[in-house]
Amino acid sequence: MSLPALSTRSVVQVAVSDPRVRPLLRELGEEYSARYGKDAHAELARYPDEEFTAPHGGVLLLILEGGEPVAGGAFRRYDAATAELKRIWTHSGHRRRGLAREVVAELEREARARGYRRIYLTTGPRQPEARALYLNTGYRPLFDTEADPESIGPLPFEKHLSGHPESDLGEDLRTGKATTQ
């Protein structure tokens, strides 16, 4: 009796032009279009591909299983201290396995290694799975979580990679009141 082959998993940094990125772009485009309408493909074209390369402060990562992409995501430089997460994706045939959490953790590690101290991101109001992912992985919502997401538009989140906010005083964007952090 032979044992089943173990699936090999690896994380690779790739260019947007890498053929292994096609499933990510295709499925994200389909998902955005289904939730937001046919113009949603423009979201994927909003930023030039080079923003997701090391020379421009970004990265695009894929998680490969047996050489095939099962999840991925990217970040781009938002400002000198902040990386902005984009294009977080799990292949439709591999969901509910914790791969999105793995992608976010890998992107956080890479951002920290590149000297970023903060991560910022937005997700659409019709993506409750993404909202839950960020809330469950320690991201602070920069919006009123009790409000109807459709009344807000893109839902912004942040996370300080060092574990400590850069300033001792900030503004809680949910209430507009000054807070100590």
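In this text, all values refer to a predicted model and were calculated from it rather than measured experimentally.
Residues passing the salt bridge (Lys or Arg N to Asp or Glu O under 4.0 Å) test with Asp79: none are found, sequence neighbours excluded. Residues meeting the salt bridge (Lys or Arg N to Asp or Glu O under 4.0 Å) test with Arg118, sequence neighbours left out: Glu158. For Arg101, the salt bridge (Lys or Arg N to Asp or Glu O under 4.0 Å) criterion is met by no residue, not counting sequence neighbours.
In this structure a side-chain-to-backbone donor-acceptor pair under 3.5 Å is present from Lys159 to Thr137. Of the possible donor and acceptor atoms, none in the side chain of His56 sits under 3.5 Å from a partner among the backbone N and O of Gly58. Under a 3.5 Å cut-off, the side chain of Tyr36 and the backbone N or O of Arg126 do form a donor-acceptor pair.
Applying side chain to side chain contact (heavy atoms under 4.5 Å, CB included) to Tyr120 and the options Tyr78, Phe75, Tyr139 leaves one that passes, Tyr78. Put simply, the residue from Leu142, Leu121, Thr123 that forms a side chain to side chain contact (heavy atoms under 4.5 Å, CB included) with Pro156 is Leu142.
For the pair Ala100 and Leu133, the tightest heavy-atom approach, listed with the atom from each and the gap, is CB-CD2, 3.9 Å. Minimum heavy-atom separation, Pro125 to Pro149: CB-O, 3.2 Å. Of all the heavy atoms in Tyr116 and Ala83, the pair that sits closest is CD2-N, 3.5 Å.
Glu84 has its side chain out of reach of Ile119: every pair of non-hydrogen atoms, C-beta onward, lies at least 4.5 Å apart. Within the 4.5 Å cutoff, the side chain of Leu161 has no heavy atoms near those of the Arg117 side chain.
In this structure, Glu68 does not pair ionically with Arg20, as no charged nitrogen and carboxylate oxygen lie closer than 4.0 Å. Arg96 and Glu129 are not joined by a salt bridge, as no carboxylate oxygen comes within less than 4.0 angstrom of a charged side-chain nitrogen.
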